[in-house]
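We use all heavy atoms of the structure for the numbers below, so side chains are in, but hydrogens, waters and symmetry mates are not. Below, chains carry the letters A, B, ... as their sequence lines are ordered, and counting in each starts from 1. Quick caveat, the model's predicted, so the values are computed rather than measured.
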Amino acid sequence: MPVEGNEEGKTRRHFIQQIIDADREEGLHGGRVHTRFPPEPNGYLHIGHAKAICVNFGLAAEYGGTVNLRFDDTNPVKEDTEYVDAIREDIAWLGFEWNGGEHYTSDYFETLYGYAVKLIEDGKAYVDEQSAEDIAAQKGTPTSPGTASPFRDRPVEENLRLFAEMREGKHEEGSMVLRAKIDMAHANMHMRDPFMYRIKFAHHHRTGDAWCIYPMYDFAHGQSDSLEGITHSLCSLEFENHRPLYDWYIENLGIFPSKQREFARLNLNYTIMSKRKLLRLVEEGVVDGWDDPRMPTLSGLRRRGYTPESIREFCDRVGVAKRNNVIDVGLLEFALRNHLNATATRAMAVLRPIKLVVTNYPEGQTEWLPTENNPEDASAGTRELPFSRELYIEADDFIVEGVNKKWFRLAPGRSVRLKSAYIVTYVDHVTDASGNVTEVHVEYHPNSKSGSDTSGIKAKGTLHWVECNHAADAEVRLYDRLFSNENPDGHKDRDFMEFLNPESLEVLTNCKVEPVLADAQVGTPWQFTRLGYFTADSKWAKEGKLVFNRAVTLKDGWKG
RNA sequence: UGCCCCAUGGUGUAAUGGUAACACACCGGUUUUUGGUACCGUUUUUCCAGGUUCGAGUCCUGGUGGGGCAACCA
């Protein structure tokens with residue numbers, strides 16, 4: 001049996017693994033493990049779903065089991081194939097395969113209808129013709145019992161006839177519903193004669209107009225699990241109160257006993273996860289779509305430059321438990337840096353260029369200097385960088401005032417190493433009319449060449465740079481968190497939109513990048529030396545136009 | 001005036017009646033041709049009160065605090 005261990009070889013098992021271990025020890029279902037991931041196709045998957053995906057697919061893999069992808073499509077007015085396609089793509093991108101196949105709750109509409117008929121025949125369901133308001137009023141409150149519907153004890157034959165007429169479209173939307181006859185005084189509100197079916201004359205993205213009655217979540221989910229032989233039906237905490245009903249339907253139908261278990265969903269600080277609210281960001285144009293790189297959607301994270309590996313590692317690290325939690329978004333960033341540090345090719349790009357003129361370097365000369373593609377990975381090899389008299393460096397890397405012991409970069413009187421090239425020493429600088437530095441003049445030390453430095457000069461700082469003649473122009477988009485408040489969604493009197501960070505996107509259009517980046521492909525991550533991890537933007541980058549997104553900065557240890 | 005779930009450093013997660021640990025974050029240091037990485041170190045923890053026990057983060061009782069539960073949503 002696969003065992004996940006730490007360095008000491010001790011096993012660390014979360015509570016669901018422990019439940020499964022115990023179930024297998026008892027020989028439940030012959031030790032079989034079968035899970036499912038059941039999204040409703042009414043929106044895009046986000047990082048919170050990634051946790052559920054990792055749990056369900058991960059557990060199946062760990063136990064040599066099976067996992068189904070099931071679209072929970074019981075509400076046609078909210079669902080669409082657009083979302084089905086996007087969900088499939090996102091799960092596959094994360095690196096998971098639904099080895100139990102792709103399923104739809106709508107595949108079971110006929111079976112579910114039969115189940116409903118059986119409950120009616122058993123005297124356990126009835127057609128209620130009251131208004132929604134009346135039914136709600138009879139529901140009681142958590143502290144007071146409900147009262148029975150006047151239709152509660154209508155004869156089986158009449159229920160059967162009415163339910164058949166509902167299906168045939170003989171009754172108007174809202175005129176009647178099918179309800180389970182359980183207990184109007186139950187302490188659990190979900191057991192007070194819950195709805196099983198409602199009438200909706202709506203076009204369903206898969207069944208078209210074949211149906212005008214649709215099962216409610218509670219009357220569909222457990223039975224779908226059962227029909228698929230799901231052994232462990234894992235969902236979030238908010239469904240804990242639904243479990244008795246889940247079990248009630250399965251028991252009273254006498255079908256395969258899937259078991260529901262609940263774990264805490266993922267919450268991230270500085271982030272909203274509600275589909276409704278994410279939709280508002282899209283609709284109000286705050287972001288440029290569901291895949292805006294600032295969105296917590298998987299498509300957004302992908303476009304931002306997140307890797308599937310980093311997201312899976314993040315999900316592993318957040319753990320699985322029953323406590324409500326708020327994960328620091330820094331942990332997500334850590335997982336990305338961790339992966340990309342090991343795998344991303346280093347390249348040089350200057351975001352806010354000023355010219356660096358090497359006054360003692362021969363005019364018209366260019367030399368090609370080798371540089372490591374990834375110092376963490378010798379097998380990544382080297383490539384060559386052009387170097388000549390005129391270079392670009394970062395405006396931030398040169399200051400005239402405020403120079404102190406902690407400043408390692410260029411300044412009057414200072415020397416710095418140009419990464420993979422020479423050590424240069426300040427000579428002079430040029431400012432424009434408004435006092436901004438436009439050029440820095442330096443002299444290089446020919447015997448300080450990278451890899452064969454005999455100069456004996458100690459330069460504390462190392463700068464990235466790009467040679468002017470070979471530089472490619474690029475647009476670079478820098479992102480910050482979308483919200484400036486840790487819990488934008490958690491304020492009773494204030495709308496989450498009030499907490500939008502006005503500086504969540506900065507577009508730099510005058511960036512200079514080294515030649516290798518001119519061929520950057522969407523999906524390939526790069527580390528821009530000293531700046532962070534970047535990737536070509538899948539939306540705006542085009543033939544002849546370079547656009548990069550910064551996924552995350554490098555950790556900045558500089559306490560200037 | 002109900003029912004269900006939960007409570008371990010700043011944030012998460014382990015410890016399954018027997019030395020409270022791991023990761024992230026933070027702070028400090030070493031190395032460094034990325035102020036990155038790597039490595040080392042410091043700081044910080046069992047909600048409260050009783051009980052059971054040789055021994056309780058863990059079991060029991062009662063509090064307190066947090067979350068959830070009323071939709072023709074899932």
Peer 1: Using a 4.0 Å heavy-atom cut-off, does A:Glu173 contact any base of the nucleic acid, only the sugar-phosphate backbone, or nothing at all?
Peer 2: nothing
Peer 1: So if I take every side-chain heavy atom of A:Phe334 and compare against B:rC4, B:rA25, B:rG2, which nucleotide ends up nearest?
Peer 2: B:rA25
Peer 1: Would you classify A:Glu40 as touching base, sugar-phosphate or nothing, given that sugar-phosphate means primed atoms plus P, OP1 and OP2, and contacts are heavy atoms under 4.0 Å?
Peer 2: sugar-phosphate
Peer 1: Near RNA chain B, under 4.0 Å by heavy atom, which residues of residues 338-346 of chain A?
Peer 2: A:Asn341, A:Arg346
Peer 1: On RNA chain B, does the nearest nucleotide to A:Phe15 precede the nearest nucleotide to A:Asp556 from the 5' side, or the other way round? Give the residue.
Peer 2: A:Phe15
Peer 1: Could I get the full list of side-chain contact (heavy atoms from CB on, under 4.5 Å) partners for A:Lys449, not counting sequence neighbours?
Peer 2: A:Glu367, A:Leu369, A:Tyr422, A:Ser452
Peer 1: Using nucleotides 60-63 of chain B, report all nitrogen or oxygen pairs with the protein that are shorter than 3.5 Å.
Peer 2:
none

Peer 1: For A:Pro375, report the nucleic acid contact type (base, sugar-phosphate, nothing); a contact means any heavy atom under 4.0 Å.
Peer 2: base
Peer 1: Under 4.0 Å, heavy atoms only, any strand: does A:Val77 hit a base, just the sugar-phosphate, or nothing?
Peer 2: nothing
Peer 1: Just checking A:Leu237: base, sugar-phosphate only, or nothing, at a heavy-atom cut-off of under 4.0 Å?
Peer 2: nothing
Peer 1: Considering residues at least two apart in sequence or located in another chain, which fulfil the salt bridge (Lys or Arg N to Asp or Glu O under 4.0 Å) criterion with A:Glu238?
Peer 2: A:Arg265
Peer 1: For the pair A:Asp23 and A:Lys259, find out whether any cationic side-chain nitrogen is under 4.0 Å from an anionic carboxylate oxygen.
Peer 2: no
Peer 1: Side chain of A:Asn324 only, heavy atoms from C-beta on: which candidate in B:rC6, B:rA25, B:rG66 is closest?
Peer 2: B:rG66
Peer 1: Is there a donor and acceptor pair, one atom on the side chain of A:Arg409 and one on the base of B:rG35, closer than 3.5 Å?
Peer 2: yes
Peer 1: Under the side chain to side chain donor-acceptor pair (under 3.5 Å) criterion, do A:Thr105 and A:Asp72 qualify, and how do the steps go?
Peer 2: CA-CA 5 Å; A:Thr105 303; A:Asp72 209 355; 2.9 Å; yes
Peer 1: Hey, what are the protein-to-nucleotides 40-45 of chain B N/O distances that come in under 3.5 Å?
Peer 2:
none

Peer 1: Between A:Asn374 and A:Phe239, which has a closest nucleotide on RNA chain B that is more 5'?
Peer 2: A:Asn374
Peer 1: Quick test of your reading of the model: are A:Asp397 and A:Arg530 salt-bridged, counting only N-O distances below 4.0 Å?
Peer 2: yes
Peer 1: So A:Lys559, base contact, sugar-phosphate only, or nothing? Heavy-atom distance under 4.0 Å.
Peer 2: sugar-phosphate
Peer 1: Between A:Glu40 and A:Arg70, does any NZ, NE, NH1 or NH2 come within less than 4.0 Å of an OD or OE carboxylate oxygen?
Peer 2: no
Peer 1: Quick one: which of B:rC73, B:rU33, B:rG36 gets closest to the side chain of A:Thr462?
Peer 2: B:rU33
Peer 1: What nucleic acid atoms does A:Gly461 come within less than 4.0 Å of, heavy atoms only: base, sugar-phosphate, or nothing?
Peer 2: nothing
Peer 1: Looking at B:rC5, B:rU37, B:rU13, which one has an atom nearest to any side-chain atom of A:Glu240?
Peer 2: B:rC5
Peer 1: Would you check if A:Phe71 and A:His103 make a side-chain contact, meaning some heavy-atom pair closer than 4.5 Å?
Peer 2: no
Peer 1: Within the 4.0 Å heavy-atom criterion, would you say A:Gly174 contacts the bases, only the backbone, or no part of the nucleic acid?
Peer 2: base
Peer 1: Run the salt-bridge test on A:Glu394 and A:Lys512 with the 4.0 Å N-O cut-off and return the result as yes or no.
Peer 2: no
Peer 1: Among B:rG2, B:rC27, B:rU11, which nucleotide sits nearest the side chain of A:Asp328?
Peer 2: B:rU11
Peer 1: Among the candidates B:rC24, B:rA74, B:rU13, find the nucleotide nearest to the side-chain atoms of A:Arg317.
Peer 2: B:rC24
Peer 1: Give a yes-or-no answer on whether the side chains of A:Glu79 and A:Asn42 include a donor-acceptor pair shorter than 3.5 Å.
Peer 2: no
Peer 1: Contact class for A:Gly146 (heavy atom, under 4.0 Å): base, sugar-phosphate, or nothing?
Peer 2: nothing
Peer 1: Taking the minimum atom-to-atom distance to the side chain of A:Val177, which one of B:rC69, B:rC72, B:rC6 wins?
Peer 2: B:rC72
Peer 1: Is A:His242 touching bases, backbone alone, or none of the nucleic acid, heavy atoms closer than 4.0 Å?
Peer 2: base
Peer 1: Consider the side chain of A:Thr141, meaning its heavy atoms from C-beta on, and name the nucleotide among B:rU34, B:rA70, B:rC72 that approaches it most closely.
Peer 2: B:rA70
Peer 1: Counting any heavy atom closer than 4.0 Å, what does A:Gln130 reach on the DNA or RNA strands: base, sugar-phosphate only, or nothing?
Peer 2: base
Peer 1: For A:Val318, report the nucleic acid contact type (base, sugar-phosphate, nothing); a contact means any heavy atom under 4.0 Å.
Peer 2: sugar-phosphate
Peer 1: Measuring from the side chain of A:Ala132 (C-beta onward, heavy atoms only), which nucleotide among B:rU34, B:rC72, B:rG66 has the closest atom?
Peer 2: B:rC72
Peer 1: Determine the contact category for A:Ser144: base if any of its heavy atoms lies under 4.0 Å from a base atom, sugar-phosphate if only primed atoms, P, OP1 or OP2 are that close, otherwise nothing.
Peer 2: nothing
Peer 1: Tell me which residues in residues 184-193 of chain A lie within less than 4.0 Å of RNA chain B, going by non-hydrogen atoms.
Peer 2: A:Ala187, A:Met189, A:His190
Peer 1: Starting the side chain at C-beta, find the nucleotide from B:rG67, B:rU37, B:rG2 nearest to A:Pro142.
Peer 2: B:rG2
